[in-house]
Amino acid sequence: MISDRVVLDDWHVVAASRDLAAGNLLSVKLMQEEVLLWRGSDGQVHAWEDRCPHRGCRFSIGKVKNDKVVCPYHGWEFAGSGACTLRPAHPHQEVPKAIQAKPYHVEEHYGLIWVCLGTPAQPVLDYPEFQNPKLRQVLCGPYDVAAAPPRVIENFLDQAHFSYVHAGILGLEEKAEVKPYKVARDVDGCGVVATDLHFWQPQTNALIHGGSDVEYAYRCPRPFTAILTKKPAAQEGYSESILLTLQPLDEEHVKAWIILSMTNFEQSEEDLRSFQDTIFLQDLPIVENQVPVKLPLDPRAEMPQPADLLSAQYRRWLLDLGLEYGVIRPAA
Ligand code: FES
Ligand code: CO
């Protein structure tokens, strides 16, 4: 079991709301725990340990009947509260109150289902772009990545790779220079923010034709979530935010979820997703080939360049938070 309260008491995405219809069961994994999701007829989502307290059978191979989860092994029934209401082998006996499914905290925001395995230390992260009616919301992923969660976030915050990993789209080798930019800590509920980043990009989004100077800003509201905002100079009035949030499966594997919030209402969701897939699949072999797998937080462990100011501050923030999950902390 994980001892790291920073991740245990945080909310993590585990599924898309649209993938869980009322009356269905869904088995998801979060930090090595198997979690059952199910939705009652009132629309309420429940998240439980995916294990019947009787003889340990996974609930997720059972079914929902009359708003109760029915274990497939001996037919015990569990109400939304988690309480066992029926043991069919003893229909005339009252069920002892101690027989309960183990519930986890669960909420729905931004079209996603979020679970906290511990005690929530704060609300689910704030993403106001999702409420903005001028922006179209497109869910991308989830992408399976064999990498530690903070390595995946750090890659999202990294700018010097654009001209190499995303050459011809987000950068060009002959324009690889990263100009100085600003980084701050603890701004508006975000641990790290970066502003005033400027690049020339050949095809910064799926809509643009021809290159543009693009202004970037980043913010990290949670250790495993980062938000990027792009403003291409060549597209008057265009706005785009990209939220990347991770479902940690274990310390070395994640599912990466992306929400695009953009003024592009012209193109099909399929086209927008396919553009994002292309970018993500270019990053995939890189983050899966970083050694060691876990992110080293000792500033002396790897050799930063000046362009890495943001990732250096991200590491510093994780260190200050006391995060242990997916990182290598400096020897005491
Ligand atoms: Fe679930 Fe027996 S294992 S009812
Ligand atoms: Co990239």
Side-chain angles (χ1 to χ4, degrees), residues 25 27 34 36 38 48-65 68-79 82-91 93 95-96 98-102 140-141 143 145 147 149-173 175-176 178 194 197 199 201-206 214 216 218 220 225-230 240-246 254 256-258 260 274-290 295 307-308 310-311 314:
L25 300 171
S27 170
E34 292 186 28
L36 170 80
W38 68 281
W48 296 349
E49 182 183 22
D50 190 9
R51 185 180 175 276
C52 177
H54 179 218
R55 288 294 180 256
C57 186
R58 286 191 180 93
F59 282 133
S60 53
I61 62 163
K63 62 179 178 190
V64 178
K65 192 183 90 189
K68 287 181 181 149
V69 173
V70 184
C71 178
Y73 198 175
H74 310 97
W76 287 20
E77 295 188 7
F78 296 80
C84 179
T85 54
L86 177 70
R87 295 180 297 170
H90 309 286
Q93 284 180 24
V95 181
I99 302 180
Q100 298 267 343
K102 182 182 170 190
C140 302
Y143 307 97
V145 191
R151 285 271 195 204
V152 179
I153 296 296
E154 190 180 80
N155 166 261
F156 189 73
L157 302 176
D158 183 282
Q159 308 112 58
H161 80 288
F162 290 165
S163 301
Y164 285 83
V165 178
H166 309 297
I169 306 176
L170 301 182
L172 286 177
E173 282 189 28
K175 285 185 183 261
V178 177
L197 301 102
F199 308 96
Q201 299 193 314
Q203 205 203 334
T204 189
N205 57 59
V214 186
Y216 268 64
Y218 292 92
C220 274
T225 303
I227 301 161
L228 156 64
T229 303
K230 290 195 207 184
E240 174 179 1
S241 288
I242 302 174
L243 175 136
L244 168 69
T245 191
L246 305 180
V254 305
W257 298 78
I258 286 178
L260 308 174
S274 127
F275 183 83
Q276 197 53 48
D277 291 353
T278 302
I279 302 289
F280 199 91
L281 295 180
Q282 289 175 333
D283 286 313
L284 191 67
I286 301 292
V287 293
E288 290 189 340
N289 283 287
Q290 284 180 278
L295 186 80
D308 300 332
L310 175 54
S311 73
Y314 172 66

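Order of appearance sets the numbers: ligands from 1, and atoms from 1 within every ligand.
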Practice item. Any chance you could measure Tyr164, atom OH, to Ile286, atom CD1, to the nearest 0.5 Å? Key: 12.5 Å
Point to revise | the Co ion (ligand 2): protein N, O or S atoms [distance under 2.8 Å] | key: His161 NE2, His166 NE2, Asp283 OD1, Asp283 OD2
Point to revise | Gln203 side, atom CD; Ile169 side, atom CD1 - distance, nearest 0.5 Å | key: 6.5 Å
Review point. Tell me, which N, O or S atom in His74 is closest to atom 2 (Fe) of ligand 1?
Key: ND1
Study note, to complete from the structure: The atoms of ligand 1 lying under 4.0 Å from a heavy atom of His54, numbered in the order shown, are 1 (Fe), 2 (Fe), 3 (S), 4 (S)
Check your understanding: Please walk me through it: do Tyr314 and Tyr218 pass ring pair (Phe, Tyr, Trp, His ring centres under 6.0 Å)?
Key -> CA-CA 11 Å; Tyr314 172 66; Tyr218 292 92; over 10 Å; no
Practice item. Indicate the atoms forming the closest heavy-atom contact of Leu295 with Pro150, along with that distance. Key: CD2-CB, 3.7 Å
Exercise for review: Check whether any side-chain heavy atom of Phe78 sits under 4.5 Å from a side-chain heavy atom of Trp38, and report yes or no.
Suggested key: no
Check your understanding: When you measure from atom 3 (S) of ligand 1 to every protein heavy atom, which one gives the shortest distance, and what is it?
Key -> Arg55 N, 3.3 Å
Review point. Would a distance-only check, ignoring hydrogens and angles, find a side-chain to backbone donor-acceptor pair under 3.5 Å from Lys65 to Val70?
Key: no
Practice item. Report yes or no: does Cys52 have an N/O/S atom closer than 2.8 Å to atom 2 (Fe) of ligand 1? Key: no
Point to revise | Closest contact, heavy atoms only, Val95 versus Leu86 | key: CG2-N, 3.8 Å
Exercise for review: Dump the intermediate steps for side-chain hydrogen bond (donor to acceptor under 3.5 Å, both in side chains) on Asp158 and Ser311, then the final yes or no.
Suggested key: CA-CA 7 Å; Asp158 183 282; Ser311 73; 5.5 Å; no
Check your understanding: Is Cys71 close enough to atom 2 (Fe) of ligand 1 to have an N, O or S atom under 2.8 Å?
Key -> no
